[in-house]
Amino acid sequence: AWICWLAAQIAVTQAADRPATMLEDASLEHARHFAVNAARDRGWSIQGSSGRSAVFEQVLGAIPGETEYDGEPATVLRIMAEFVPNAGGTMVHLEAEEIRNPGAPEQTIADVTQLYRDNLMNALWSLRMKWETRDYVPPPDPGPLPPRQSSAPDHRPGQMPTVGLWAYYA
């Protein structure tokens with residue numbers, strides 16, 4: 001029982017240490033769909049998306065579509081997103097791995113979440129800003145306003161008119 005408790009505490013600590021952001025009022029499906037489309041728009045390859053997760057990959061240093069960089073096997077950056085619904089919307093948590101020599105017998109995978117933490121937080125900030133402005137459509141320019149008739153009484157020459165409770169005179 002003690003080992004199970006310790007494993008659960010480690011899992012909670014690791015989850016709390018992952019970069020994350022909240023997409024307010026987003027359902028799980030809407031948040032996942034929105035994040036996948038945002039990643040695709042930024043040139044990421046979508047490796048999978050279902051349930052509470054999505055996986056994005058990008059070859060580092062290579063021309064898009066290539067698997068080598070300067071004749072060497074490329075390094076792949078894999079981002080794993082987890083979507084956790086709660087009462088206020090959906091939390092998006094990210095983890096990152098670097099895969100060196102992908103597909104080769106000497107392939108290695110390293111957790112680089114902390115190494116790329118600032119970049120992951122920037123990506124999450126961008127995702128949240130896109131989410132918050134997704135429905136915003138600026139109002140059309142009304143063009144020049146027609147002249148108005150003033151309802152304020154005339155003022156005496158040399159005296160500043162009073163305009164409401166607060167006025168700023170330039």
Side-chain angles (χ1 to χ4, degrees), residues 1-67 74-100 102 107-145 163-168:
W2 183 83
I3 291 184
C4 290
W5 175 85
L6 181 60
Q9 292 304 310
I10 290 170
V12 166
T13 301
Q14 288 173 339
D17 206 27
R18 295 181 296 171
T21 195
M22 167 72 90
L23 298 184
E24 292 183 12
D25 300 323
S27 68
L28 171 72
E29 295 78 18
H30 199 177
R32 188 184 66 243
H33 180 75
F34 191 80
V36 165
N37 284 335
R40 184 177 291 123
D41 289 348
R42 301 285 298 177
W44 288 83
S45 168
I46 312 305
Q47 298 300 307
S49 173
S50 65
R52 292 173 47 143
S53 65
V55 178
F56 319 114
E57 288 185 354
Q58 197 169 72
V59 178
L60 299 179
I63 298 169
E66 298 291 321
T67 58
T75 298
V76 173
L77 180 60
R78 177 180 293 155
I79 305 296
M80 287 108 18
E82 180 185 14
F83 303 91
V84 181
N86 63 38
T90 298
M91 288 293 295
V92 182
H93 300 270
L94 297 181
E95 292 182 53
E97 293 178 338
E98 271 188 2
I99 305 164
R100 296 183 186 222
Q107 171 179 302
T108 59
I109 300 175
D111 182 333
V112 292
T113 303
Q114 294 310 313
L115 178 66
Y116 287 117
R117 182 176 192 77
D118 289 344
N119 291 336
L120 295 170
M121 290 304 296
N122 288 341
L124 288 167
W125 179 85
S126 176
L127 180 68
R128 189 177 71 241
M129 290 301 104
K130 287 177 184 174
W131 174 256
E132 289 175 1
T133 59
R134 72 198 177 284
D135 294 327
Y136 176 73
V137 177
D141 184 3
L145 296 175
V163 182
L165 297 176
W166 178 87
Y168 176 75

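- For Arg52, the side chain to side chain donor-acceptor pair (under 3.5 Å) partners at least two apart in sequence or on another chain are Glu82.
- Judged by distance alone, with hydrogens and angles left aside, the side-chain atoms of Arg78 form no donor-acceptor pair with the main-chain N or O of Val55 at under 3.5 Å.
- Heavy atoms only, all atoms of each residue included: Leu124 and Pro19 are closest at CD1-C, 3.5 Å.
- With hydrogens and angles disregarded, no donor-acceptor distance shorter than 3.5 Å links the side chain of Arg18 to the backbone of Thr113.
- The environment of CG in Asp41 is crowded: more than 12 heavy-atom neighbours from other residues, nucleotides or ligands sit within 6.0 Å.
- Listed by chain and number, the residues in a ring pair (Phe, Tyr, Trp, His ring centres under 6.0 Å) with Tyr116 amount to none (sequence neighbours excluded).
- Taking the salt bridge (charged side-chain N to carboxylate O under 4.0 Å, His left out) definition, one finds that Arg40 meets it with nothing, sequence neighbours left out.
- Considering only heavy atoms from C-beta on, Val36 stays 4.5 Å or farther from Trp44 through its side chain.
- Ile109 meets the side-chain contact (heavy atoms from CB on, under 4.5 Å) test with Glu97, Ile99, Gln107; sequence neighbours excluded.
- Nearest heavy atom pair, residue Ala96 against residue Ile79, reads CB-CD1, 3.7 Å.
- Between Phe56 and Ala35, the closest heavy-atom pair is CZ-O, 4.2 Å.
- The distance from the CZ atom of Phe83 to the OG atom of Ser53 is 8.0 Å, given to the nearest 0.5 Å.
- To the nearest 0.5 angstrom, Asp17 atom CG is 12.0 Å from His93 atom NE2.
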Show the atom names and distances, to 0.1 Å, of all donor-acceptor pairs under 3.5 Å that link a side chain in residues 20-29 to residues at least two apart or in another chain.
from, atom 1, to, atom 2, distance (Å)
Thr21, OG1, Arg128, NH1, 2.9
Ser27, OG, His30, N, 3.1

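- Taking the side chain to side chain donor-acceptor pair (under 3.5 Å) definition, one finds that Ser126 meets it with nothing, sequence neighbours left out.
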